[in-house]
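Report on one structure; see the data block that follows.
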There are 2 protein chains.
Amino acid sequence: MKTPARRGRGTRGLSRDEVLDATLDLAEERGLDAVSMRGVADRLGVTPMALYRYVGDKQGLLDGLVERLITELPDDDPGLPWQDRLRALGAGIREVARRHPQVFLLLFMRPTVTEEARRARDTVQALLRSAGVPEDVVPPLQRLLDTIGMGLAASEANGRFSGDAADVDRVYDLAEDLLLTAIERYARE
Amino acid sequence: MKTPARRGRGTRGLSRDEVLDATLDLAEERGLDAVSMRGVADRLGVTPMALYRYVGDKQGLLDGLVERLITELPDDDPGLPWQDRLRALGAGIREVARRHPQVFLLLFMRPTVTEEARRARDTVQALLRSAGVPEDVVPPLQRLLDTIGMGLAASEANGRFSGDAADVDRVYDLAEDLLLTAIERYARE
DNA sequence: ACCTGAACACCGTTCAAGT
DNA sequence: ACCTGAACACCGTTCAAGT
């Protein structure tokens with residue numbers, strides 16, 4: 001094993017961010033199954049029990065991972081036309097899923113009521129409003145958009161879409177066409 | 001330890017179906033995390049190693065679970081109008097996800113190239129064809145439909161949609177409206 | 001406050017052995 | 001052919017202890 005990064009002297013000086021960084025690296029390199037308290041601790045040159053102070057328990061560690069994934073999404077630029085903003089968001093989700101295919105599935109597993117998740121949700125809702133979607137349609141349509149984006153990204157990243165790259169692109173094009181049309185339709189009503 | 005359920009005499013007479021039944025029961029009662037080779041074996045009154053003959057390994061056990069889930073989907077009735085068939089399929093997926101919220105997520109995790117999965121895919125494609133969707137749009141649209149149905153069902157079943165039941169129904173209504181409209185549009189072109 | 005060490009009750013899986 | 005028993009290398013987590 002490589003020399004452990006010994007930044008702190010004596011008292012190790014660990015941090016929640018440091019723990020989550022190590023976890024995400026581990027997940028990316030060796031898959032979600034390799035993410036264990038012991039594995040993460042090894043990577044930090046520390047005892048497994050040292051992690052409990054920063055992430056609570058294993059579930060807390062996974063929650064932290066999801067938090068990080070949402071943070072990796074691109075920032076929204078409200079100055080652009082809403083169509084471009086939507087496409088940018090979709091591309092962002094797709095990239096995150098490609099980078100962390102296994103971790104990405106955790107997004108489906110819990111309510112995600114964290115601050116970061118709230119921000120992501122508000123971004124999409126603001127986008128829909130500026131497209132002219134009536135207020136009562138905004139929340140359900142946002143949930144539908146989220147689900148479609150996450151579902152496509154998760155399917156592609158985990159190999160559920162077998163065919164070649166062109167076939168997969170075709171599905172995304174179809175989804176984009178379908179959603180833009182739908183939003184425009186709701187905006188007119 | 002409690003007295004083992006000694007149904008067979010001497011040779012136990014286990015079967016793959018019996019193993020998967022026990023696994024699905026265990027998953028439904030105590031969650032996917034409780035599904036272990038040892039746990040399933042206990043439930044069958046057998047040693048963990050006895051399972052390896054029927055499911056290969058733990059991954060094979062999970063694959064078998066996914067297989068079972070797909071089998072629980074309702075049969076398609078080609079005699080009905082395609083709109084009704086689509087709605088029935090959606091309702092079926094929703095029910096399966098509600099019954100097995102955690103196991104359902106496994107559907108996103110692998111290509112699902114089994115015979116059962118192929119049958120389900122062909123059903124949707126046949127449905128689209130009978131709706132008049134042109135041949136080159138059928139495969140990508142089927143993948144999109146699958147993803148949306150599975151994504152919504154997974155989200156609802158795992159509590160990602162917080163709000164009350166009416167809010168969740170609203171998302172499904174929106175999805176249905178959007179999809180029926182899109183299919184009709186493609187069918188006309 | 002922050003980290004360690006030992007211990008407990010679990011895992012999946014291999015391998016040799018029993019019938 | 002089908003199942004068992006013992007063993008190995010792992011888990012998450014608690015609890016008392018060190019500094």
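Lettering follows sequence order; numbering is per chain, from 1. Since the structure is predicted, the reported quantities are computational estimates derived from the model, not experimental observations.
Residue A/L51 contributes atom CG, which lies 11 Å from atom P of D/dT13 at whole-angstrom precision. When rounded to the nearest whole Å, the span between CG of A/D42 and P of D/dG12 equals 11 Å. Summarising the geometry, the separation between NZ on A/K58 and P on D/dC10 is reported as 15 Å, rounded to the nearest angstrom. One interatomic measurement links the two molecules: CG of A/L44 to C1' of C/dT4, which rounds to 15 Å at whole-angstrom precision. The separation between B/D33 atom CG and D/dC11 atom C1' is 13 Å, rounded to whole Å. For the pair B/M37 CE and C/dT13 C1', the interatomic distance rounds to 8 Å; values are reported in whole Å. In this structure, CG of A/L32 is placed 13 Å from P of D/dC11, rounded to the nearest angstrom. Taking atom CE on B/M49 and atom P on D/dC3, their separation rounds to 12 Å, with Å as the unit.
Distances from the side chain of A/R53 to the nucleotides D/dT13, C/dA1, C/dG12 place C/dA1 closest. Taking the side chain of B/R38 as heavy atoms from C-beta on, and the options C/dC3, C/dT13, D/dG5, the nearest nucleotide is C/dT13. Of the candidates C/dC2, D/dT13, C/dC11, the closest approach to any side-chain atom of B/S36 belongs to C/dC11.
Between A/L106 and A/M109, the closest side-chain pair of non-hydrogen atoms falls below 4.5 Å.
A salt bridge links A/D122 with A/R118; the closest basic N to acidic carboxylate O contact falls under 4.0 Å.
Across the strands present, C/dC15 finds its partner in D/dG5; the criterion is a Watson-Crick or G-U wobble pair with both atom distances under 3.5 angstrom.
Heavy atoms only, all atoms of each residue included: A/R110 and B/R160 are closest at O-CG, 3.7 Å.
Remark: B/Y52 is not in phosphate contact with C/dT14, judged by side-chain N or O atoms under 4.0 Å from OP1 or OP2. The side chain of B/Y54 places no N or O atom within less than 4.0 Å of a non-bridging phosphate oxygen (OP1 or OP2) of D/dC2.
Distance CD/A/E116 to CG/A/L73: 9.5 Å, rounded to 0.5 Å. Separating the CZ atom in B/R170 from the CZ atom in B/F161 is a distance of 13.5 Å, to the nearest 0.5 Å.
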